[in-house]
Each structure stands twice: as C-alpha cells, then as structure tokens.
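These numbers were taken from a predicted model, which means no experiment stands behind them.
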Amino acid sequence: MPLKSLLMIPGPTPVPEDVLRACARPMINHRGPEYMELQRELIAGLKQAFQTSGDVQIFPAAGTGGLEAAVVNVLSPGDRVVAVPTGAFGRRFAEIAEVYGASVHRVEVEWGHAADPGEIAAALRNEPDARALLLTHNETSTGVLHDIQGIAREARRVNPDILILVDGISGMLAADLQTDGWDLDVVIGGSQKAWMIPPGLTFLSVSERAWAAHRQARMPRFYFDFSRMKKSMETDQTPYTPALPQLFGLQVALRRILAEGLPASIRRHARMAAATRAAVQAMGLDLFAQEGAYSNALTAVTAPADFPARTIRGAMREKRGVVIAGGQGPIKEAIFRLGHLGYVDDNDVLAMLASLELTLSELGHPLPAELGAGVAAAQRVFSQP
Ligand SMILES: *Cc1c(COP(=O)(O)O)cnc(C)c1O
C-alpha cells in the first residue's frame with residue numbers, strides 16, 4: 001500500500017490546506033452582514049478572474065448545472081443553435097440544448113483536433129437564423145485547447161448578434177479566456193478545476209447581449225433563473241441557501257489566485273503542460289491531441305497498443321499512489337489523461353512523470369531510452385528560466 005496519494009486528474013483537483021480549513025468553518029447566517037460582505041468580495045474576485053466588468057453569478061451545482069443554466073436562460077424552444085461537439089463535454093453541451101427543445105446543428109470535429117474557426121463561420125453562414133453558438137474552451141476529454149478568440153471573431157463577422165456560450169470549466173486560469181475582450185456572452189466555470197476548491201459551485205458571466213436575450217428566452221427554468229439571482233444579488237444575497245463551505249473556500253482560493261495573477265497562473269500551467277509532453281514523448285508515447293492544440297490543464301496520452309489505459313492507471317494507483325484519469329466515451333481505454341491544473345506544481349508533475357515512467361518499465365513496456373530519460377526531459381523544461 002502506498003503511504004501517500006497524489007491526485008493528478010483534471011478535476012476534482014487537489015485543494016490547499018488553508019482552503020480546506022476555510023471550508024470547515026462554522027456556518028453563518030446567509031442573510032446577515034458577514035455573508036453579504038463575503039459575497040461582495042467573491043463576486044469582485046470572480047469578475048477579475050473572468051476578465052469581465054459585467055455580471056458574474058454563482059450557483060451551487062456541478063459544472064454541468066452551469067452549462068444547463070447558460071442554455072435555459074438565453075434560449076427558447078425551437079431556437080436554432082450551432083454546437084461544436086469537440087469531445088465528451090462539447091457533446092454534453094449540445095445535448096442539454098436539445099433536451100430543452102433547441103434545434104441543434106452540430107459542426108463535427110474529430111476528437112483530438114482543434115475546432116476550425118473557418119468551418120464554424122461557414123456553418124453559421126448556412127444557418128443565418130442561429131441564435132447561439134456553443135463552444136468548449138478546453139475539451140477535457142481530449143486534452144485540446146480550442147481557439148475561442150479566433151472562433152468568436154469569425155463567428156461575429158458572420159452573425160454579429162449571435163450569443164456565444166463558452167464552457168470554460170477546465171480551461172479558465174490555466175489558459176487565457178477573456179470574457180469581455182473576446183466578446184463572449186456566457187462563460188461557465190466550475191469550482192473543482194483550476195479554482196482549487198472542492199466540487200459543487202458553478203460560476204457564470206452574463207453579458208449585456210445575454211441579458212437582452214434572457215428577457216425574451218422562454219425555456220423553462222426556476223432554480224437557475226438569472227433574474228431571480230440578480231434580484232437577490234442587489235442586496236448581496238442569493239435566492240436560495242448558498243453552499244457556504246465552498247464559498248468560504250473560494251474566498252481563500254481567490255485571494256491565492258489574484259495574488260499569483262492570471263498571467264503567472266497561465267504561465268505555470270503552460271510550463272507544466274510542456275514538461276509533461278516532453279516527458280511522455282521521451283518515454284516513447286504519443287500525445288492524443290493534435291500538435292499546436294495542446295491543453296495547459298491536462299495532457300491526453302495514447303495508450304501503447306499492448307497496454308490498455310486501465311492497466312497503466314491501476315499499476316500507478318496501487319503501487320505508487322498516483323491517480324491519473326482514463327479516457328471518456330469512445331476513447332475510454334485508448335488514452336489516459338494526466339492532470340496538471342489548479343493547486344499543482346513542478347514537483348507534483350515530476351513525481352507523476354517518474355511514477356509513469358517506472359510503471360511502464362515495470363509493466364515491461366520497452367522505453368526508447370534508459371529509465372529516467374522521460375523525467376530528465378521534464379526537468380530540462382523546468383530548468384528553463
Ligand atoms: C469538468 C468539466 C465539466 C463539468 O463537469 P461536472 O462533473 O458537471 O462538474 C464540463 N465541461 C468541462 C470541459 C469539464 O472539464
């Protein structure tokens with residue numbers, strides 16, 4: 001039995017001790033002045049992280065609840081929607097819109113490939129009535145970071161009024177995502193990714209264009225209604241009991257995030273991703289994502305032909321206490337995913353990579369160079385200034 005465990009999956013991610021302690025604080029009155037002050041601080045911090053001067057709302061829910069909130073608040077049954085199912089999460093976003101009665105046109109993207117802004121623009125030219133475009137910033141199932149800036153720019157050229165809804169759940173803070181700068185209407189975040197807090201909160205930005213759409217939108221909604229939330233937020237409260245433990249944690253985590261600063265956070269994630277790629281390639285493994293479309297938050301690795309992902313993951317977990325993720329959907333056993341987001345540093349990445357390299361060697365997978373060459377490749381990346 002390993003003495004310790006190291007959680008290296010793309011969510012839930014490790015939580016710093018001060019955040020965990022904050023989550024364990026005694027409850028307070030959610031209608032009292034202490035709560036109101038907390039909420040004011042959280043919303044101000046989230047706006048900085050979302051790079052927006054517009055509204056940001058918090059709902060107690062998994063990230064999927066945030067995707068659902070985005071859809072039901074700005075659309076009506078029968079609305080034409082263009083979705084880009086880049087993987088398991090992109091598919092889910094499209095499915096939610098369909099379940100609520102949108103008429104969804106899918107721009108298919110091969111899993112592992114980057115969505116092409118030109119193709120999406122072409123689809124929008126064929127769909128002049130499209131009300132919304134559903135995008136995934138960082139597709140966690142494939143380890144691909146999509147060019148939201150480029151896609152949004154091309155989309156607006158074709159349809160200036162289209163609502164752009166972006167699943168930013170696993171990409172925010174690990175890669176740039178500019179809500180206002182890129183003119184995005186609803187961006188969705190989720191607490192258990194780079195925010196360093198436990199699962200259970202989703203965050204949504206709401207642009208002026210989204211508010212205008214909201215006033216006409218007729219999809220059914222109650223709990224996730226933006227207007228109810230906005231009305232309560234005018235008095236620094238929420239319409240229903242907020243998830244106080246996660247909010248206490250978010251306060252501490254946001255202070256950490258803002259102290260590090262967004263550019264530094266993005267650089268840290270980019271470096272950990274570059275080190276991970278260098279190491280797995282030096283171990284003779286192939287990256288699943290197309291070159292140039294790599295995620296900063298996680299690295300998807302194609303499992304060697306003779307070793308299902310399950311075998312590698314099981315051996316790492318049981319012998320070394322290192323927990324990595326498998327694939328999802330149709331590529332469940334074909335890939336494994338190495339998480340490097342949130343409260344994770346160079347040392348964690350080196351430990352994960354050393355464990356992977358040792359595991360491959362112990363399983364009898366022929367390494368192209370001597371044991372340690374993979375870790376050395378990562379060390380070389382980390383040694384660069
Ligand atoms: C984690 C994640 C979600 C949401 O997952 P939940 O399990 O609902 O919290 C959605 N989209 C992406 C891209 C994710 O990484």
Side-chain angles (χ1 to χ4, degrees), residues 10-13 15 23 30 39 42-43 46 49-50 55-77 81 83 85 87-102 104 132 134-141 163-173 177 179 184-207 210-211 213-214 217-233 237-250 253 328 342:
T13 61
V15 177
C23 293
H30 67 300
Q39 181 164 307
L42 298 182
I43 296 297
L46 285 172
F50 273 73
D55 286 321
V56 175
Q57 300 192 341
I58 306 172
F59 288 93
T64 304
L67 300 181
E68 182 159 332
V71 167
V72 300
N73 272 288
V74 299
L75 292 171
S76 300
V81 166
F89 292 102
R91 272 190 186 176
R92 184 179 299 177
F93 210 178
E95 211 179 315
I96 292 169
E98 214 155 51
V99 162
Y100 278 97
V104 179
L134 310 187
L135 301 173
T136 308
H137 175 226
N138 185 81
E139 178 50 76
T140 318
S141 65
L163 295 160
I164 303 183
L165 315 185
V166 181
D167 173 349
I169 293 172
S170 63
M172 286 188 88
L173 312 176
L177 185 55
T179 303
L184 310 176
D185 295 301
V186 182
V187 175
I188 304 107
S191 57
Q192 77 273 31
K193 305 294 166 92
W195 302 90
M196 306 186 282
I197 59 175
L201 294 181
T202 184
F203 318 120
L204 297 106
S205 67
V206 189
S207 73
W211 278 118
H214 172 79
R218 292 185 322 275
M219 280 187 183
R221 55 184 180 261
F222 185 95
Y223 178 77
F224 285 123
D225 193 284
F226 284 169
S227 304
R228 284 173 203 275
M229 181 59 83
K230 188 180 177 67
K231 191 157 188 303
S232 290
M233 284 176 66
Q237 295 185 23
T238 53
Y240 326 109
T241 316
L244 291 169
Q246 274 92 344
L247 297 181
F248 293 148
L250 178 59
Q328 288 172 290

Student: State whether the side chain of Thr179 and the backbone N or O of Phe50 hold a donor-acceptor pair below 3.5 Å, judged by distance alone.
Tutor: yes

Student: Please work out which of the three classes, parallel, tilted or perpendicular, describes the rings of Tyr223 and Tyr240, given edges at 30° and 60°.
Tutor: parallel

Student: With a 4.5 Å heavy-atom cut-off, do Leu177 and Asn138 have their side chains touching?
Tutor: no

Student: Would you find a donor on one side and an acceptor on the other, under 3.5 Å apart, between the side chain of Ser191 and the backbone of Pro198?
Tutor: yes

Student: Which atom pair, heavy atoms only, marks the closest approach of Leu165 to Ala70?
Tutor: CD1-O, 4.1 Å

Student: With a 4.5 Å heavy-atom cut-off, do Asp185 and Val74 have their side chains touching?
Tutor: no

Student: Hey, what do you get for CD (Glu139) to CD (Gln328), rounding to the nearest 0.5 Å?
Tutor: 7.5 Å

Student: Checking His30 against Thr238: is there a side-chain donor and acceptor pair closer than 3.5 Å?
Tutor: no

Student: Would a 4.5 Å heavy-atom cut-off, applied to side chains only, mark Cys23 and Gln246 as touching?
Tutor: no

Student: To the nearest 0.5 Å, what is the distance between CG on Asp55 and CG on Leu46?
Tutor: 12.0 Å

Student: Does the side chain of His214 reach to within under 4.5 Å of the side chain of Asp225, using non-hydrogen atoms?
Tutor: yes

Student: What verdict does the side-chain contact (heavy atoms from CB on, under 4.5 Å) test give for Asp167 and Phe89, after you've listed the backbone C-alpha separation in whole Å, the side-chain angles of each residue and the deciding distance to 0.1 Å?
Tutor: CA-CA 8 Å; Asp167 173 349; Phe89 292 102; 4.1 Å; yes

Student: Considering the options Thr13, Thr140, Thr136, which one meets the side-chain hydrogen bond (donor to acceptor under 3.5 Å, both in side chains) requirement together with Ser170?
Tutor: Thr140

Student: Rounded to the nearest 0.5 Å, how far does CG of Leu250 lie from CD of Gln39?
Tutor: 11.0 Å

Student: Taking the side chain as every heavy atom from C-beta outward, state whether Ile58 and Ile43 have any atom pair closer than 4.5 Å.
Tutor: yes

Student: Would you say that Phe224 contacts Val71 through its side chain, given a criterion of any heavy-atom pair below 4.5 Å between the two side chains?
Tutor: no

Student: Side chains of Met172 and Phe203, heavy atoms from C-beta outward: is any pair under 4.5 Å?
Tutor: no

Student: With a 4.5 Å limit on heavy-atom distance, are the side chains of Leu135 and Ile164 in contact?
Tutor: yes

